[in-house]
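Each residue takes its place number in the sequence, starting with 1. Computed from a predicted structure; not experimentally measured.
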Amino acid sequence: MTAAAQSHAAGFPVRKGERRWTTAEITKVRTQLAAEAAELRDEIERAESDIADRLGDSVSDAGDDQADVGAKTYQREHELSLTYNARDLLVQTERALARIESGTYSVCESCGEPIGKARLQAFSRATLCVSCKQREERR
Ligand SMILES: [Zn+2]
């Protein structure tokens with residue numbers, strides 16, 4: 001953890017009744033986020049090289065019957081959508097890490113109120129407080 005992130009820890013807002021963030025708690029959240037980001041990057045890389053491999057094979061698809069081609073197309077689309085999800089998660093994870101570095105972590109991006117420590121310890125990627133999140137989902 002960088003010195004900057006460390007010096008922010010005590011300043012991250014909490015909700016009423018919650019204890020201040022300690023450096024150890026922020027370190028734990030940050031370590032977890034960093035590990036998730038690394039895993040997601042791996043996953044995306046693997047999926048991309050698989051897809052690239054398969055695109056190279058597509059010439060041999062000519063001899064396959066319709067059912068095979070359908071199954072392969074389905075599999076390819078399924079993998080692509082997994083990659084999109086992983087990318088999305090990676091963006092969110094990196095954003096949370098950047099927010100720890102910049103000292104804006106745990107502030108709701110919508111209303112500026114504390115997101116809450118309990119919520120962040122359960123969903124470390126959260127950038128909205130519970131009420132803003134619910135409002136967004138209702139839209
Ligand atoms: Zn909010």
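A distance of 12.0 Å separates CD in Glu77 from CG in Leu82, rounded to the nearest 0.5 Å. Atoms SG and CD, on Cys132 and Gln134 in that order, are 10.0 Å from each other to the nearest 0.5 Å. The distance from atom CD of Glu25 to atom CZ of Phe12, rounded to the nearest 0.5 Å, is 12.0 Å. From Leu89, atom CG reaches atom CZ of Arg125 across 4.5 Å, with rounding to the nearest 0.5 Å. To the nearest 0.5 Å, atoms OG (Ser81) and CZ (Arg76) are separated by 14.0 Å. Distance OG1/Thr93 to CD/Gln32: 9.5 Å, rounded to 0.5 Å.
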Please walk me through it: do Glu113 and Arg15 pass salt bridge (charged side-chain N to carboxylate O under 4.0 Å, His left out)?
-> CA-CA 8 Å; Glu113 293 293 316; Arg15 290 177 88 88; over 6 Å; no

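Heavy atoms only, all atoms of each residue included: Pro13 and Ser106 are closest at O-OG, 2.7 Å. Heavy-atom minimum distance, Arg119 versus Ala126: NH2-CB, 3.8 Å. Here the shortest heavy-atom pairing between Lys117 and Arg20 reads NZ-O, 3.0 Å.
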Side-chain atoms of residues 41-52: list all donor-acceptor pairs with protein atoms under 3.5 Å, sequence neighbours left out, distances to 0.1 Å.
{"residue": "Arg41", "atom": "NH2", "partner": "Glu94", "partner atom": "OE2", "Å": "2.8"}
{"residue": "Glu48", "atom": "OE2", "partner": "Arg87", "partner atom": "NH2", "Å": "2.2"}
{"residue": "Ser49", "atom": "OG", "partner": "Arg46", "partner atom": "O", "Å": "3.1"}

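Looking at residues two or more places apart in sequence or on another chain, you find a side chain to side chain donor-acceptor pair (under 3.5 Å) between Glu79 and Arg54.
Taking 4.5 Å as the limit, every side-chain heavy atom of Val29 sits out of range of all side-chain heavy atoms of Leu120. Using a 4.5 Å heavy-atom threshold, the side chains of Ile115 and Cys108 count as touching. By the 4.5 Å heavy-atom criterion applied to side chains, Gln121 and Lys28 are not counted as neighbours.
Remark: Glu109 engages Arg95 in a salt bridge, criterion side-chain N to carboxylate O under 4.0 Å.
Residue Phe123 is not grouped with residue Leu33 when hydrophobic side chains (ILVMFWY) are merged at heavy-atom distances under 4.5 angstrom, including chains of intermediate members. Leu40 is not connected to Leu97 by any chain of hydrophobic side-chain contacts under 4.5 Å among Ile, Leu, Val, Met, Phe, Trp and Tyr, and they are in different clusters.
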